[in-house]
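A quick write-up on the structure given underneath.
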Amino acid sequence: MTYDVETIRAQFPALTAGTAHFDGPGGTQTPRPVIEAVSDALSSPLSNRGHGTIGERNAESIVTASRQALADLLGADPAGIVFGRSATQLAYDFSRTLAKTWSPGDEVVVTRLDHDSNIRPWVQAAARAGATIRWADFDPATGELTADDIRAVLSERTRLVAVTAASNLIGTRPRIAEISRLVHETGALMYVDGVHYTAHSLVDVEQLGADFFTCSPYKFLGPHHGVLAARPELLETLHPDKLLPSTDVVPERFELGTLPYEFLAGTRAAVDFLAGLDARASGTRRQRLAAAFTALEGHEEDLRAQIDKGLSALDGVTVHSHATDRTPTLLLTVDGRSTTDACRFLSERGVHAPSGSFYAIEASRRLGLSDTGGLRVGLAPYNNTEDVERLLAGLSDFLAGPS
């Protein structure tokens with residue numbers, strides 16, 4: 001296993017500005033091959049998809065290559081990869097489509113741990129269909145959301161369970177495969193928000209048991225748009241509202257309007273960049289991705305341990321990320337001090353660790369942090385030890401200053 005972080009950092013033009021970025025959970029910086037792929041797509045002949053002109057063929061090739069890249073990243077079927085503007089938009093689209101099959105008395109499960117984009121679309125769709133929302137809670141002391149927490153709200157009327165694969169606020173990774181087995185025993189579908197998870201762990205949609213799995217390429221070094229993976233045969237049973245002349249073929253059936261070809265080209269490049277994080281890895285793209293994520297997780301765990309140790313030496317800092325299995329994402333608060341002020345203080349010293357609840361508003365409230373949340377420290381593939389040292393030194397200086 002090899003992980004040359006300095007070689008990796010050299011591929012990110014934005015890092016020359018000198019900022020230590022701990023804002024990866026909100027969106028990562030972009031490596032040069034992704035930037036070049038977007039530019040190349042826009043610099044070449046480009047038209048609506050087809051097989052006639054070179055512009056049509058370029059568009060078709062970009063879409064096909066990007067579907068295959070996402071399939072390799074997620075362990076999915078390329079025929080089940082759906083592109084959208086964002087994971088939020090996809091959740092709204094699929095909630096409206098699935099709600100057509102619900103009746104009054106049916107039940108939909110959401111969790112207090114999730115980002116609101118995997119809560120509110122289901123709450124609102126259920127209300128329109130007359131279905132009942134059941135809330136699965138998590139333990140605020142440990143940050144754990146267990147299979148038993150989901151089991152407690154399942155019934156024979158459960159039609160769908162929406163759950164995160166990793167909390168974007170505190171990093172908790174629930175045991176999705178175990179949860180999915182319970183969900184499928186009731187005959188319900190499982191909609192998994194994998195936006196935060198995909199940036200840190202190799203995804204295997206089939207192993208997780210996710211009927212629907214979403215991610216956002218801009219959280220793993222790519223452009224801004226959303227992706228959903230599902231079995232093609234499941235997508236064949238669903239019928240979204242769409243324009244009459246638009247294709248009814250899966251997965252295009254769910255892609256409303258013209259796709260952002262240049263962003264899809266960038267997404268394919270982002271997957272290839274991830275596959276190269278372990279320079280010694282070989283084999284198929286999927287095999288190289290597996291090696292790369294092993295290397296990445298090792299690197300991020302080392303940095304997280306360094307952060308954990310440093311924070312433990314700072315009086316007045318409370319860390320709210322405690323789950324046994326979690327991403328390298330920490331939420332912290334400071335006794336008697338505003339984390340907005342801490343964020344501003346760090347920013348003035350070239351360290352970006354944002355403050356807020358980051359749309360995980362239910363989780364923030366459950367943690368007793370109201371809608372304010374805390375300071376979120378999230379790692380990305382380009383973070384190094386120097387970044388961590390600057391973060392810890394900045395927090396120490398903030399604590400030493402006037403309140």
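Both backbone and side-chain heavy atoms feed into the values below; hydrogens, waters and symmetry mates do not.
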Indicate every side-chain donor-acceptor pair of residues 309-320 with a distance under 3.5 Å to a residue at least two apart or in another chain.
{"unit_1": "Ser312", "atom_1": "OG", "unit_2": "Lys309", "atom_2": "O", "d": "2.6"}
{"unit_1": "His320", "atom_1": "NE2", "unit_2": "Thr333", "atom_2": "OG1", "d": "2.8"}

What heavy-atom pair brings [X] and [Y] nearest, and what distance separates the two atoms?
| X | Y | result |
| --- | --- | --- |
| Ile179 | Met190 | CG2-CE, 3.5 Å |
| Ser95 | Trp122 | CA-CZ3, 3.3 Å |
| Ala147 | Glu178 | CB-OE2, 3.5 Å |
| Tyr3 | Pro381 | OH-O, 2.7 Å |
| Pro251 | Val82 | CB-CG2, 3.8 Å |
| Thr164 | Ile176 | O-CD1, 3.4 Å |

Look at the aromatic rings of [X] and [Y] and report parallel, tilted or perpendicular, splitting at 30° and 60°.
| X | Y | answer |
| --- | --- | --- |
| His21 | Tyr382 | perpendicular |
| Tyr197 | Phe213 | perpendicular |
| His224 | Tyr218 | parallel |

Any chance you could measure [X], atom [atom1], to [Y], atom [atom2], to the nearest 0.5 Å?
| X | Y | atom1 | atom2 | answer |
| --- | --- | --- | --- | --- |
| Arg67 | Leu264 | CZ | CG | 8.0 Å |
| His115 | Thr88 | NE2 | OG1 | 5.5 Å |
| Arg365 | Thr372 | CZ | OG1 | 10.5 Å |
| Thr64 | Arg49 | OG1 | CZ | 6.0 Å |
| Leu330 | His322 | CG | NE2 | 9.5 Å |
| Leu208 | Ser201 | CG | OG | 9.5 Å |

Is Arg96 close enough and on-axis enough to Tyr92, meaning under 6.0 Å and within 45°, for cation-pi?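 Because its charged atom misses either the 6.0 Å distance or the 45° angle limit, Arg96 does not stack over Tyr92.
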
Over 12 foreign heavy atoms within 6.0 Å of CG, Asp248: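 Counting other residues, nucleotides and ligands, CG of Asp248 exceeds 12 neighbours.
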
So, do [X] and [Y] sit near enough that their side-chain heavy atoms are less than 4.5 Å apart?
| X | Y | answer |
| --- | --- | --- |
| Thr329 | Glu300 | no |
| Phe12 | Thr28 | no |
| Leu73 | Phe220 | yes |
| Ser66 | Phe83 | yes |
| Leu235 | Pro232 | no |
| Glu6 | Asn384 | yes |
| Tyr359 | Asp114 | no |
| Leu379 | Ile307 | yes |

Any donor-acceptor pair under 3.5 Å linking the side chain of [X] with the backbone of [Y]?
| X | Y | value |
| --- | --- | --- |
| Thr172 | Gly143 | yes |
| Ser321 | Leu331 | yes |
| Arg159 | Thr101 | no |
| Thr294 | Ala290 | yes |
| Thr267 | Phe263 | yes |
| Asp397 | Gly394 | no |
| Ser364 | Ser370 | yes |

May I ask you to check whether [X] and [Y] show a side-chain donor-acceptor distance below 3.5 Å?
| X | Y | value |
| --- | --- | --- |
| Asp149 | Thr146 | yes |
| Thr339 | Ser355 | yes |
| Ser155 | Glu107 | yes |
| Asp93 | Gln89 | yes |

Using the rule given for salt bridge (Lys or Arg N to Asp or Glu O under 4.0 Å), can you reason through Glu362 versus Arg120, listing the C-alpha separation, both sets of side-chain angles and the distance that settles it, and then say yes or no? CA-CA 10 Å; Glu362 297 289 348; Arg120 219 55 52 187; 3.0 Å; yes

Between Gln11 and Leu221, is the side-chain contact (heavy atoms from CB on, under 4.5 Å) condition met? List the steps. CA-CA 11 Å; Gln11 292 294 310; Leu221 315 180; over 6 Å; no

Does the pair Arg57 and Glu60 meet the rule for a salt bridge (Lys or Arg N to Asp or Glu O under 4.0 Å), with working shown? CA-CA 5 Å; Arg57 294 195 300 273; Glu60 187 69 33; over 6 Å; no

Identify the residue among Asp341, Leu346, Leu375 that makes a side chain to side chain contact (heavy atoms under 4.5 Å, CB included) with Phe398.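 For Phe398, the side chain to side chain contact (heavy atoms under 4.5 Å, CB included) test succeeds with only one of Asp341, Leu346, Leu375, which is Asp341.
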
Kindly indicate, with the supporting measurements, whether the criterion side-chain contact (heavy atoms from CB on, under 4.5 Å) is fulfilled by Glu236 and Arg253. CA-CA 9 Å; Glu236 290 285 0; Arg253 178 187 297 176; 3.3 Å; yes

Which is it for Asp302 and Gln306 under the side chain to side chain donor-acceptor pair (under 3.5 Å) test, yes or no, and what are the steps along the way? CA-CA 6 Å; Asp302 287 346; Gln306 185 182 350; over 6 Å; no

Is the closest basic N to carboxylate O distance between Glu206 and Arg231 below 4.0 Å?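 Looking at Glu206 and Arg231, the cut-off is not met.
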
For salt bridge (Lys or Arg N to Asp or Glu O under 4.0 Å), just list the numbers for Arg326 and Asp308, CA-CA rounded to whole Å, side-chain angles, deciding distance to a tenth of an Å, and then say yes or no. CA-CA 13 Å; Arg326 55 190 170 95; Asp308 286 339; 3.7 Å; yes

Check the pair Val110 / Asn118 against side-chain contact (heavy atoms from CB on, under 4.5 Å), numbers first and verdict last. CA-CA 8 Å; Val110 295; Asn118 203 32; over 6 Å; no

Run through Arg288, Arg285, Arg286 and flag the one making a side chain to side chain donor-acceptor pair (under 3.5 Å) with Asp72.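 Single pass found, and it is Arg285.
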
Run the side-chain contact (heavy atoms from CB on, under 4.5 Å) check on Trp135 and Asp137 step by step: do they pass? CA-CA 6 Å; Trp135 288 89; Asp137 206 353; over 6 Å; no

